[in-house]
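Whatever order the structure lists ligands and atoms in, that order sets their numbers, starting from 1.
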Amino acid sequence: MSGHGTPIPMTSRPCGPLKGTANVPGDKSISHRSLILGALCVGETRITGLLEGDDVLDTAKAMRAFGATVTDHGGGEWTVSGVGVGGFAEPQNIIDCGNSGTGVRLIMGAMATSPIATTFTGDASLNGRPMGRVTDPLALFGTQAVGREGGRLPMTLVGAAEPVPVRYTVPVPSAQVKSAVLLAGLNAPGQTVVIEKEATRDHTERMLQGFGATLHVEETDEGRVITLDGQPELAPQTIIVPRDPSSAAFPVCAALIVPGSDVLVPNIGLNPTRAGLFTTLQEMGADLTFENMREEGGEPVADLRAKFSPNLKGIAVPPERAASMIDEYPVLSVVASFAEGVTDMRGVKELRVKESDRIDAMAKGLRTAGVQVDEGPDWWQVTGLGHGNVPGGATVASVLDHRIAMAFAVMGMATQKPIHIDDGSPIATSFPIFEGLMADLGAQIVRTNS
Ligand code: S3P
């Protein structure tokens, strides 16, 4: 089964040291938001370093369907001529967001307070994911939604013709839900307030401020209270998209487990709401150094050097760190397999509703590769075998999930025997240059016939 065309089976073989510079693509979260916010201002937004993965390209297509002019100038340079807050036109056709939960949920928010109807769909993975977490708060603005059983896509939303502002406490730690409510609040009169009990990635808040919205954040006993003044005139921006720390995680983790490796990953976004993996790896004993710390486009950025780390130790990852590394648990579980002792990961229920059930997908593959994994509804534990002792020799399923495919590709670089991945095609959603970039560093990932 593949939602991305023909399956691409891959084999990742044990390899020699990884060396060189890994120029990973632009940040996926910031890329989606650049296109959507660009579409919500009148005038031209210029974007440099946009991630040209399938997820973001689907969002670009969607913005065109709502009336924005989105132009690819080549080499990661894009412009968006937007229609302004409240200016979305009704799309003539169904909006297909492919594999992207971020795309569909943010776009739902952006159209929810305009008097237009839109039908959304996606691939088999996205059509299995819960949308009620977004349509429930959007209903408070006056938005109607009709979808499949369990709040699943395909789903039609009718935007509120006379939206009212909303005060909403997000019940799960989700930047997508928070962002959908804030984007809907843009076209509601008065103040929309979103409260999150646990801080999640704050790109939407930073970028809304950058585009000229009046938005305040206050830390209170209730949590993080975000107040947005509705109906602003957003002003077009020039955006330099930092490279994605979630993509950097793959060459970084590979360098830690492949003997002799030394890899530099320049220009990585190190927003504290995203950087939890690197803290965790350092606590495990990883040789990581941050060089040239600076700020670019309102986001902290650094060059990250990762070297082979032969003495990694399992740790208990603090649950309160989960939101800042939620997309990195699959590859962390791979590193944990090569560490000595148990890595304990708790407070991670959200992993079960990502592009796949990521605990289940990783646990199944890791066990087939000879690693012990124990799990519960919101926790899992990997018992590491230590460097050089992980058998591998397994065929694993990527279950339409790019990060599962890439995590196992990293694993195969340091197991005793290769790892075969049934379908590497989902990698194109977030990291289309993954195979070439890893090959340039010295990895041996080959496409194989099924
Ligand atoms: C994202 C938020 C996270 C993350 C996803 C990107 C975003 O999802 O897993 O890859 O850009 O807002 P949740 O909001 O569901 O936690």
Numbered atoms and elements of ligand 1 in range of Ile326, under 4.0 angstrom, heavy atoms: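 What qualifies from ligand 1 is 9 (O).
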
Subset of ligand 1 atoms that lie under 4.0 Å from at least one heavy atom of Asp327: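 Here the atoms of ligand 1 in question are 4 (C), 5 (C), 9 (O), 10 (O).
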
Note: Arg358-Asp327 ion pair, threshold 4.0 Å (strictly below):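 Salt bridge: yes.
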
Carboxylate-amine/guanidinium proximity below 4.0 Å for Lys61 and Asp54: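 Asp54 and Lys61: not salt-bridged.
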
Which residue holds the protein heavy atom closest to [atom], what is that atom called, and what is the gap in Å?
atom                    : result
atom 11 (O) of ligand 1 : Ser29 OG, 2.7 Å
atom 12 (O) of ligand 1 : Arg33 NH2, 2.7 Å
atom 6 (C) of ligand 1  : Thr102 OG1, 3.2 Å

Contact check: Gln176 vs ligand 1, nitrogen or oxygen atoms, below 3.5 angstrom: yes

Ligand 1 to Ala175 polar contact by distance, N or O atoms, under 3.5 Å: yes

Side chain, backbone, both or neither: the part of Pro173 lying under 4.0 Å from ligand 1 by heavy atom: backbone

Structural part of His203 in contact with ligand 1, heavy atom criterion under 4.0 angstrom: neither

Proximal candidate to atom 3 (C) of ligand 1 [heavy atom criterion; set Lys354, Lys28, His32, Glu350]: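 Closest candidate by heavy-atom distance is Lys354.
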
Exam field: side chain Thr121 to backbone Pro154, donor-acceptor pair closer than 3.5 Å: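 Flag not set: sc Thr121 to bb Pro154 has no pair under 3.5 Å.
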
Other residues, nucleotides, ligands: >12 heavy atoms within 6.0 Å of Gln282 CD: yes

Whether over 12 other heavy atoms sit under 6.0 Å from Glu233 CD: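 No, the 6.0 Å shell around CD holds no more than 12 heavy atoms from other groups.
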
Partner of Glu205 under side chain to side chain contact (heavy atoms under 4.5 Å, CB included), chosen from Leu182, Leu228, Val194, Thr273: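 For Glu205, the side chain to side chain contact (heavy atoms under 4.5 Å, CB included) test succeeds with only one of Leu182, Leu228, Val194, Thr273, which is Leu182.
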
Side chains of Thr118 and Phe88 in contact at under 4.5 Å (non-hydrogen atoms): no

